[in-house]
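Here is the structure we will look at, set down as structure tokens.
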There are 2 protein chains.
Amino acid sequence: MSPAAPTNQKAHTILRAARDVFLEHGFSAATTDMIQQQAGVSKSTVYAHFPTKEALFTAVVEAECESFLEGVQSIQFQPKGVEALLHTLACTYLDIVLSPVALAQYRVLVGEAPKFPELAHRFYQAGPRAMIRRASELMASAADAGELDFGGLSAETAATAFANLVRSELQQHYLLHPEARPSRAQVEQWAEVCVTLFLRAFAPR
Amino acid sequence: MSPAAPTNQKAHTILRAARDVFLEHGFSAATTDMIQQQAGVSKSTVYAHFPTKEALFTAVVEAECESFLEGVQSIQFQPKGVEALLHTLACTYLDIVLSPVALAQYRVLVGEAPKFPELAHRFYQAGPRAMIRRASELMASAADAGELDFGGLSAETAATAFANLVRSELQQHYLLHPEARPSRAQVEQWAEVCVTLFLRAFAPR
DNA sequence: ATCGAACTGTACCTATCGGTTCGATATGGT
DNA sequence: ACCATATCGAACCGATAGGTACAGTTCGAT
């Protein structure tokens, strides 16, 4: 079927398999044999495309960062009022953060951060920081339109607070309860709490 | 000096060494040889006190949870007004969360949560939940005294929001930048942002 | 028909892991 | 003086890790 084709198809197959294995077991506990079998590929082929286990790991993480970045940047502003904006912003962010892939990625990256600091930075920029930048833009617009009043604080500070408020509680809960699946009701409910709190603080009087 | 003494002294030594090694390398990458050497003890002695590597790990984590619990529960209420209360609450919590030991512990526990779910739960209760409970008590008192007004929200919800708001941003930053040391200025500054936001939301008008 | 690149399968190498075994040694309690 | 206990040190075991070597196969392109 495929052999001898100018195939970087295989490289992609291997990368997907590596992603699955690394996200399930972490870096140290994952083995190249698992990856090889999951990819349905011979061991030689794996090492023909990637020189070491580390290289495979960094390739996986960087690809995943790319994908996160796209997800976050594609959030659009629908001008239905600031409350609706904040609510959809919160829910969208939580959907990303609480997805099984994102939770696994976060888990592994935090755990291996001392061993792969540059990868951790990349993720920080592509994930949380990108979200804060996006939220900051949207909130600055709302403030310009007179729908928010940050008082002495900057829009960026407010956006940082909002993003962290939205993310932290549920993310921490599911990071430390890996067997539980995030419930949509919980997401909606927490998003509402965040919006309420935020508007009590920053809605113009 | 010590041999043949009814020594659980050695057990303690081994536990401390195991803590250092596990917190530095995580569970999978840590080896029993490292622990044995760090403790200055023979391999046989390690296995005389702890049956397996897993048992050693759980013993370490449970001891550490105990210590966190004490730290959080020892936070006292100094009645100097609600703003001062919130500020010291935030700073105290951040000092705990951002301590090198706590960061390492969090890192390892999040990373190994799928393999040790019951340990992760224990930590969740002993750390974040305990903090929220404590904060909730203090805030309920302040609300009773008329210094806070939570509107339709419960004191527990407000405390959850506050604790997460305080913790998340800086904790995430240092989890993903392991080589950087938390700066006190950053802590104070962020604590002030949190208090400002919280009071804008919940100070009685 | 032939060549060369991609791939397979398997055997292999070396290192290291968690854990065991065992004889030697030192000690404290009686 | 004696024995039980705790420890040591070092050899050892089976398993498995990351990675390499190599002989053979499959294909597209010329």
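Just so it is clear, the values below take in all heavy atoms, side chains as well, and ignore hydrogens, waters and symmetry mates. So that the names make sense, note that chain A is the first sequence line, chain B the second, and so on, each numbered from 1.
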Dot-bracket for DNA chain D, please. Rules: Watson-Crick or G-U, both distances under 3.5 Å, ( ) within the strand, [ ] when a pair crosses earlier ones, | for another strand, . otherwise. ||||||||||||||||||||||||||||||
Can you list the residues that meet the ring pair (Phe, Tyr, Trp, His ring centres under 6.0 Å) rule with B:H12, with sequence neighbours excluded? none
Mind jotting down which residue pairs meet the side-chain hydrogen bond (donor to acceptor under 3.5 Å, both in side chains) criterion with at least one end in residues 60-73 of chain A? Sequence neighbours excluded, please. A:E62-A:R122
To the nearest Å, give me how far apart CD (A:Q37) and C1' (C:dG9) are. 13 Å
Can you run down the side-chain hydrogen bond (donor to acceptor under 3.5 Å, both in side chains) pairs that involve residues 127-136 of chain B, sequence neighbours left out, and say none if there aren't any? B:R129-B:E156, B:R134-B:E137
By the 4.0 Å heavy-atom rule, please label B:T45 as base, sugar-phosphate, or nothing. sugar-phosphate
Please list every donor-acceptor pair under 3.5 Å in which a side-chain atom of residues 98-113 of chain A meets a protein atom from a residue at least two apart or in another chain.
{"from": "A:S99", "atom 1": "OG", "to": "A:I96", "atom 2": "O", "distance (Å)": "3.0"}
{"from": "A:S99", "atom 1": "OG", "to": "A:A102", "atom 2": "N", "distance (Å)": "3.2"}
{"from": "A:Y106", "atom 1": "OH", "to": "B:Q172", "atom 2": "OE1", "distance (Å)": "3.0"}
{"from": "A:R107", "atom 1": "NH1", "to": "A:L175", "atom 2": "O", "distance (Å)": "2.7"}

If you look only at pairs with a residue in residues 150-170 of chain B, which of them pass as a ring-ring contact (aromatic ring centres under 6.0 Å, His included), with sequence neighbours excluded? B:F150-B:F202, B:F162-B:F198
Using a 4.5 Å cut-off on heavy atoms from C-beta on, say whether the side chain of B:L86 contacts that of B:L199. yes
Encode nucleotides 14-19 of chain C as B, S and - characters from 5' to 3', where the letter depends on protein heavy atoms closer than 4.0 Å: B to the base, S only to sugar-phosphate, - to neither. ---SBB
Roughly how many Å is it from NZ in A:K10 to P in C:dA5, rounded to a whole number? 18 Å
Table please: side-chain donor-acceptor pairs of residues 15-30 of chain B below 3.5 Å, with sequence neighbours left out.
{"from": "B:D20", "atom 1": "OD2", "to": "B:Q38", "atom 2": "NE2", "distance (Å)": "3.4"}
{"from": "B:H25", "atom 1": "ND1", "to": "B:V21", "atom 2": "O", "distance (Å)": "3.3"}

Just list the side-chain donor-acceptor pairs under 3.5 Å for residues 184-191 of chain B, sequence neighbours left out, or say none.
{"from": "B:R184", "atom 1": "NH2", "to": "B:D95", "atom 2": "OD1", "distance (Å)": "2.7"}
{"from": "B:R184", "atom 1": "NH2", "to": "B:D95", "atom 2": "OD2", "distance (Å)": "3.4"}
{"from": "B:Q186", "atom 1": "OE1", "to": "B:Y174", "atom 2": "OH", "distance (Å)": "2.6"}
{"from": "B:E188", "atom 1": "OE1", "to": "B:H87", "atom 2": "NE2", "distance (Å)": "3.2"}
{"from": "B:W190", "atom 1": "NE1", "to": "B:L165", "atom 2": "O", "distance (Å)": "3.1"}
{"from": "B:W190", "atom 1": "NE1", "to": "B:V166", "atom 2": "O", "distance (Å)": "3.3"}

How many Å lie between NE2 on A:H49 and P on C:dA5, as a whole number? 14 Å
